A.B. asks: 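The following block contains the structure, expressed as structure tokens.
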Amino acid sequence: MTAFPENFLWGTATAAYQVEGAWAEDGRGPSIWDTFSHTPGLVAGGDTGDAACDHYHRLDEDLGILAALGVGAYRFSISWPRVRPGGRGPLNQAGVDFYDRLIDGLLSRDIAPVATLYHWDLPQELEDAGGWPERDTALRFAEYAQLMGERFGDRVRTWITLNEPWCSAYLGYASGVHAPARTEPAAALAAVHHLNLGHGLAVQALRAVADPAAQLSVTLNLHHVRGVSEGDADAVRRVDAVANRAFLGPMLEGAYPDDLIADTASVTDWSFVRDGDTATACQPLDVLGVNYYNPTLVRQWDGGSGRQTADGHQDGSASPWIGCEDVEFAAQPGPYTEMGWNIDESGLTELLLRLRRDYPDTPLMITENGAAFADAVDADGRVRDERRVDYLHRHLSAVAEAIEAGADVRGYFVWSLMDNFEWAHGYAKRFGIVRVDRETMERTWKDSAFWYRDVVAANGLPAASAAAGHDG
């Protein structure tokens with residue numbers, strides 16, 4: 001048994017648009033993902049999040065699953081358009097009531113609520129006014145954060161401002177494979193800045209109204225970038241700048257890296273950054289959330305051969321990698337998940353140790369880690385997802401290795417509690433440790449859920465990765 005530190009926080013995670021459904025009920029307004037998923041051709045299979053996992057109506061059942069798993073925390077996101085439909089104006093009481101029930105239901109089961117303010121579902125009215133490339137969106141986000149802190153801050157002790165702003169900015173506004181499906185590189189870099197600014201303003205707003213003991217965080221999908229050879233150091237540097245340091249710089253150091261500004265000078269002059277903005281973005285954090293799925297492999301492109309773009313994200317009409325036009329993303333060896341991502345847990349250990357080296361005073365928490373596989377239900381009703389158990393075992397071992405080497409990792413959240421709407425992939429990719437039947441919405445524990453329950457109960461990892469017995 002590999003033991004984890006005392007008080008290590010075990011949890012699982014979801015996001016509002018991916019699980020709630022009830023997309024046009026009880027006063028909820030439209031989000032950019034409603035618009036995106038209702039646009040023909042943008043989501044696999046024509047799927048939408050209209051019903052998702054029907055979590056909005058099956059809250060008590062899902063709370064029961066969380067309690068049976070024995071997790072100490074549940075990371076969920078608040079749907080901005082459900083609680084403040086147009087992104088501004090009065091709160092929607094029915095939406096607020098839903099999160100009251102969720103938070104109170106968690107606390108009554110001794111599960112800590114971990115609330116993410118923004119997991120990509122920008123109110124459509126704010127996008128119609130320009131979206132994240134506009135400074136006003138950051139200001140509206142700060143207002144929303146204050147309202148949520150005033151309403152739920154007496155019970156929520158951990159707040160996450162943004163989930164993966166890299167995806168919001170680059171996939172939403174540069175490559176267009178995520179909502180709002182824009183391909184405007186200068187706008188994408190403006191979105192990077194206003195997400196950073198919105199984060200800082202939201203932290204300030206929460207500090208002013210939430211419980212003084214509340215922990216404030218942000219979740220970044222930091223790319224662990226490797227070069228194919230020693231000669232690819234500049235390719236690594238470029239990708240690291242646009243992927244990682246574009247957020248780590250302002251949020252944790254109070255400045256954008258000079259090389260990022262230089263690499264993107266042909267796209268924008270960064271005049272949207274005003275005096276004092278990076279100081280506002282750089283607010284003290286109690287913990288940094290880290291999402292990890294696989295590493296990234298790059299090399300210098302020779303400019304002549306066919307350029308490889310195996311970056312793990314969907315191919316769009318434009319690239320998300322602004323300023324990296326002379327970089328190619330090399331295919332990596334298997335095994336692979338259903339997303340086509342290679343399985344390499346060593347990148348997680350190396351990433352956590354890099355963060356320990358660069359930001360030694362900032363505690364860390366794995367806020368997402370998991371894998372999609374083509375799970376099948378056996379004749380006996382059991383889902384034998386051995387590959388997911390193996391993936392989780394490998395990555396938890398990597399976390400334990402990083403802790404042993406000195407990384408201050410406080411917790412781990414499996415992505416995801418249940419199979420859900422996987423953005424532009426629709427319902428084709430299953431990340432859950434609990435299966436959701438698309439026709440009946442029936443929940444079925446996979447072997448990985450039983451295995452994870454036992455890991456949580458033991459606060460440790462078994463020596464072998466075999467699934468726990470299917471004993472219910």
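Because the structure is a prediction, the values reported are computed rather than measured. Throughout, residue positions are numbered sequentially from 1 according to the sequence presented.
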A.B. asks: How are the rings of Tyr118 and Phe141 set to each other: parallel, tilted or perpendicular (split at 30° and 60°)?
C.D. replies: perpendicular
A.B. asks: As a quick check of understanding, evaluate salt bridge (charged side-chain N to carboxylate O under 4.0 Å, His left out) for Asp358 and Arg245, giving each step before the final call.
C.D. replies: CA-CA 11 Å; Asp358 293 350; Arg245 290 182 285 118; over 6 Å; no
A.B. asks: Heavy atoms only: give me the nearest Pro320-Leu171 pair and the separation to one decimal.
C.D. replies: CB-CD2, 4.1 Å
A.B. asks: Could you tell me if Asp34 and Ser31 have a donor-acceptor pair between their side chains, going purely by distance under 3.5 Å?
C.D. replies: yes
A.B. asks: Could you tell me whether Arg382 and Asp447 have a side-chain N and a carboxylate O separated by less than 4.0 Å?
C.D. replies: yes
A.B. asks: Using 30° and 60° as the class boundaries, would you call the ring planes of Tyr144 and Trp80 parallel, tilted or perpendicular?
C.D. replies: parallel
A.B. asks: Side-chain contact, heavy-atom cut-off 4.5 Å: Trp120 with Phe36?
C.D. replies: no
A.B. asks: Considering all heavy atoms of both residues, which atom of His199 and which atom of Leu162 are nearest to each other, and what is their separation?
C.D. replies: CB-CD1, 3.8 Å
A.B. asks: Could you walk me through whether Tyr173 and Glu184 satisfy the side chain to side chain contact (heavy atoms under 4.5 Å, CB included) test, starting with their C-alpha distance in whole Å, then the side-chain angles of each, then the deciding distance to 0.1 Å, before giving a yes or no?
C.D. replies: CA-CA 6 Å; Tyr173 293 96; Glu184 305 163 33; 5.8 Å; no
A.B. asks: Check Asp26 with Arg28, please: is the shortest side-chain N to carboxylate O separation under 4.0 Å?
C.D. replies: no
A.B. asks: Look at Arg387 together with Glu338 and state whether they make a salt bridge at an N to O cut-off of under 4.0 Å.
C.D. replies: no
A.B. asks: Parallel, tilted or perpendicular for Tyr293 and Trp341, by the 30°/60° rule?
C.D. replies: tilted
A.B. asks: Establish, from distance only, whether the side-chain atoms of Glu345 and Tyr292 form a donor-acceptor pair under 3.5 Å.
C.D. replies: no
A.B. asks: Between Tyr412 and Leu392, is there a side-chain heavy-atom distance shorter than 4.5 Å?
C.D. replies: yes
A.B. asks: Write down the atom of Gly21, the atom of Ala52, and the distance for their closest heavy-atom approach.
C.D. replies: N-CB, 3.6 Å
A.B. asks: Can you tell me how far CZ of Arg58 sits from CE of Met418, rounded to the nearest 0.5 angstrom?
C.D. replies: 10.0 Å
A.B. asks: Give the C-alpha distance, both sets of side-chain angles, the deciding distance and a yes or no for salt bridge (charged side-chain N to carboxylate O under 4.0 Å, His left out) between Glu368 and Arg75.
C.D. replies: CA-CA 9 Å; Glu368 284 183 29; Arg75 180 184 170 221; 3.2 Å; yes
A.B. asks: Measure from NZ or CZ of Arg438 to the centre of the six-membered ring of Tyr427 and say whether it is under 6.0 Å with the direction within 45° of the ring axis.
C.D. replies: yes
A.B. asks: Any side-chain heavy atom of Arg88 within less than 4.5 Å of one from Leu126?
C.D. replies: yes
A.B. asks: Indicate the atoms forming the closest heavy-atom contact of Pro113 with Leu107, along with that distance.
C.D. replies: CD-CD2, 3.6 Å
A.B. asks: OG of Ser77 to CG of Asn163: how many Å apart, nearest 0.5 Å?
C.D. replies: 8.0 Å
A.B. asks: Roughly how far, to the nearest 0.5 Å, is CG of Leu351 from OG of Ser346?
C.D. replies: 11.0 Å
A.B. asks: Decide whether Asn244 and Trp166 meet the rule of one side-chain donor and one side-chain acceptor closer than 3.5 Å.
C.D. replies: no
A.B. asks: Ignoring hydrogens, what is the shortest heavy-atom contact between Ala281 and Asn196? Give both atom names and the distance.
C.D. replies: CB-O, 3.5 Å
A.B. asks: Hey, are the side chains of Leu364 and Tyr359 touching, using non-hydrogen atoms and a 4.5 Å cut-off?
C.D. replies: no
A.B. asks: Measure the CD1-CG distance between Ile160 and Leu206 for me, rounded to the nearest 0.5 Å.
C.D. replies: 11.5 Å
A.B. asks: Just wondering, do Val409 and Phe4 contact through their side chains at under 4.5 Å, heavy atoms?
C.D. replies: no
A.B. asks: Do His38 and Asp50 have side-chain N/O donor and acceptor atoms under 3.5 Å apart?
C.D. replies: yes
A.B. asks: Does either side chain, that of Glu164 or that of Asn291, offer a donor lying less than 3.5 Å from an acceptor on the other one?
C.D. replies: yes
A.B. asks: May I ask you to decide if the ring planes of Trp423 and Trp33 are parallel, tilted or perpendicular, using 30° and 60° as cut-offs?
C.D. replies: tilted
A.B. asks: Decide yes or no for Thr362 and Leu355: does some side-chain heavy atom of the first lie under 4.5 Å from some side-chain heavy atom of the second?
C.D. replies: no
A.B. asks: Determine, step by step, whether Arg394 and Asp390 satisfy the salt bridge (charged side-chain N to carboxylate O under 4.0 Å, His left out) criterion, reporting the C-alpha distance in whole Å, the side-chain angles of both residues, the deciding distance to 0.1 Å, and the verdict.
C.D. replies: CA-CA 6 Å; Arg394 287 171 179 266; Asp390 180 67; 2.8 Å; yes
A.B. asks: Can you see whether Ser37 engages Tyr17 through a side-chain donor-acceptor pair at a distance of less than 3.5 angstrom?
C.D. replies: yes
A.B. asks: Should Asp375 and Arg388 be marked as a salt bridge (charged side-chain N to carboxylate O under 4.0 Å, His left out) after you check the CA-CA gap, both sets of side-chain angles, and the distance that decides it?
C.D. replies: CA-CA 9 Å; Asp375 306 319; Arg388 181 173 291 102; 3.0 Å; yes
A.B. asks: Between atom CG of Asn92 and atom CZ of Arg82, what is the distance when rounded to the nearest 0.5 Å?
C.D. replies: 8.5 Å
A.B. asks: Charged N to carboxylate O under 4.0 angstrom, Asp286 versus Arg207?
C.D. replies: yes
A.B. asks: Taking the side chain as every heavy atom from C-beta outward, state whether His395 and Val399 have any atom pair closer than 4.5 Å.
C.D. replies: no
A.B. asks: Between Pro165 and Trp132, is any pair of side-chain heavy atoms under 4.5 Å apart?
C.D. replies: no
A.B. asks: Quick check on Gln204: does its CD atom have over 12 non-hydrogen neighbours (other residues, nucleotides or ligands) under 6.0 Å away?
C.D. replies: yes
A.B. asks: Going by distance alone, is a donor N or O of one side chain under 3.5 Å from an acceptor N or O of the other, for Thr183 and Ser317?
C.D. replies: no
A.B. asks: With a 3.5 Å cut-off and no angle check, do the side chains of Thr14 and Tyr74 form a donor-acceptor pair?
C.D. replies: yes
A.B. asks: List the atom of Ala372, the atom of Lys429, and the distance in Å for their closest heavy-atom pair.
C.D. replies: CB-CB, 4.2 Å
A.B. asks: Mind checking the CG-CD spacing from Leu201 to Glu143? Nearest 0.5 Å is all I need.
C.D. replies: 10.5 Å
